[in-house]
Amino acid sequence: MNVISKRTLVQFYANHPQAKVPLEVWYADVKKALWDNPEDIKRDYHSASFLRDNRIVFNIKGNSFRLIVHIDYKRKIVRVKFIGTHAEYDKINAEEI
């Protein structure tokens, strides 16, 4: 899968160093993944939550952080829509951000 944009992740963990390793592991895993549908993601990430419009919420570092992505399965693109603390996540609408 192609992840757009790693820079967003890097900027986030520059301010939250404890997120660096988990986000780098997530990024490396997704780059190698060949997801064709939500079931493929659920196989790899049991705690992932699925929203409408192919949006997925990943729990990062034991649910300390939340990562929202949009996936275009046909084009194999994962777009980072949001990364934040659990408290920041609670203040947004995950289906609209």
Side-chain angles (χ1 to χ4, degrees):
M1 304 296 290
N2 295 308
V3 180
I4 303 171
S5 135
K6 184 176 183 181
R7 183 169 73 168
T8 302
L9 303 178
V10 172
Q11 289 172 339
F12 181 78
Y13 65 63
N15 293 321
H16 300 277
Q18 66 275 31
K20 181 177 182 175
V21 171
L23 284 173
E24 289 287 342
V25 168
W26 177 88
Y27 180 83
D29 288 348
V30 173
K31 289 290 287 182
K32 290 186 261 179
L34 296 172
W35 294 332
D36 292 317
N37 54 56
E39 291 79 22
D40 291 342
I41 297 169
K42 199 63 166 173
R43 181 190 64 235
D44 295 339
Y45 289 92
H46 304 291
S47 66
S49 300
F50 297 85
L51 308 175
R52 64 183 172 88
D53 190 33
N54 292 325
R55 286 179 182 242
I56 297 94
V57 180
F58 292 95
N59 298 317
I60 305 295
K61 194 180 180 293
N63 209 18
S64 296
F65 305 103
R66 293 282 180 95
L67 172 64
I68 302 171
V69 302
H70 174 267
I71 296 187
D72 182 334
Y73 294 101
K74 184 176 179 181
R75 295 182 183 153
K76 304 295 183 204
I77 296 172
V78 176
R79 288 183 185 89
V80 174
K81 294 295 200 175
F82 171 86
I83 178 68
T85 65
H86 198 279
E88 291 167 335
Y89 173 83
D90 288 341
K91 294 178 184 176
I92 60 134
N93 182 336
E95 293 185 342
E96 293 180 5
I97 197 161

What are the two closest heavy atoms between Phe12 and Leu23, and how far apart are they? CD2-CD1, 3.9 Å
Close aromatic pair by centroid cut-off 6.0 Å: Phe65 and Tyr89: no
Audit row: Tyr45, Asp29, side chain to side chain contact (heavy atoms under 4.5 Å, CB included) steps and yes/no: CA-CA 10 Å; Tyr45 289 92; Asp29 288 348; 3.2 Å; yes
Nearest heavy-atom contact between Arg66 and Asn59 is NE-OD1, 2.8 Å
From His70 atom NE2 to Asp53 atom CG, the distance as rounded to the nearest 0.5 Å: 4.0 Å
Is it true that Lys6 and Glu24 make a salt bridge, defined as a side-chain N closer than 4.0 Å to a carboxylate O? yes
I want to check something: taking the side chain as every heavy atom from C-beta on, are Ile56 and Leu51 in contact at a cut-off of under 4.5 Å? no
Taking C-beta and beyond as the side chain, do Leu9 and Lys20 meet within less than 4.5 Å on heavy atoms? no
With a 3.5 Å distance limit and no angle check, can you tell me whether Gln11 reaches the backbone of Thr8 through a side-chain donor-acceptor pair? no
Are Val80 and Trp35 grouped together when hydrophobic residues (ILVMFWY) are joined by side-chain heavy atoms under 4.5 angstrom apart? yes
In sequence, state the C-alpha distance, the side-chain angles, and the governing distance for Asn63 and His86, and then conclude on side chain to side chain contact (heavy atoms under 4.5 Å, CB included). CA-CA 7 Å; Asn63 209 18; His86 198 279; 3.5 Å; yes
No-hydrogen, no-angle side-chain donor-acceptor test under 3.5 Å, Tyr73 and Asp40: no
Does any part of the side chain of Gln18, heavy atoms only, come nearer than 4.5 Å to the side chain of His16, both counted from C-beta? yes
Do you reckon Ile60 sits in the same ILVMFWY cluster as Tyr27, going by side-chain contacts under 4.5 Å, direct or chained? yes
Chi angles and distances behind the side chain to side chain contact (heavy atoms under 4.5 Å, CB included) call for Ile4, Ile77: CA-CA 7 Å; Ile4 303 171; Ile77 296 172; 3.6 Å; yes
Check for a donor-acceptor pair, side chain of Lys31 on one end and backbone N or O of Asn2 on the other, with a separation under 3.5 Å. no
If I compare all heavy atoms of Ile68 with all of Arg55, which pair ends up nearest, and what's the gap? CG2-NH1, 4.4 Å
Could you state whether Tyr13 and Phe58 fall into the same hydrophobic cluster, counting links through intermediate Ile, Leu, Val, Met, Phe, Trp or Tyr residues with side-chain heavy atoms under 4.5 angstrom apart? yes
Taking all non-hydrogen atoms of both residues into account, name the closest pair between Lys61 and Ser64 and its distance. O-OG, 3.0 Å
Compare every heavy atom of Ala94 with every heavy atom of Ile97, then report the nearest pair and how far apart it is. CG2-O, 4.1 Å
Write down the atom of Asp72, the atom of Arg79, and the distance for their closest heavy-atom approach. CB-NH1, 4.2 Å
Group every Ile, Leu, Val, Met, Phe, Trp and Tyr by side-chain heavy-atom contacts under 4.5 Å, then state whether Val3 and Val10 land in the same group. yes
Can a cation-pi geometry be assigned to Lys42 and Phe50, taking NZ or CZ under 6.0 Å from the six-membered ring centre and within 45° of the ring axis? no
So if you build clusters from Ile, Leu, Val, Met, Phe, Trp, Tyr with side-chain heavy-atom gaps below 4.5 Å, do Val57 and Ile83 land together? no
CG of Asn37 to CD1 of Ile71: how many Å apart, nearest 0.5 Å? 10.0 Å
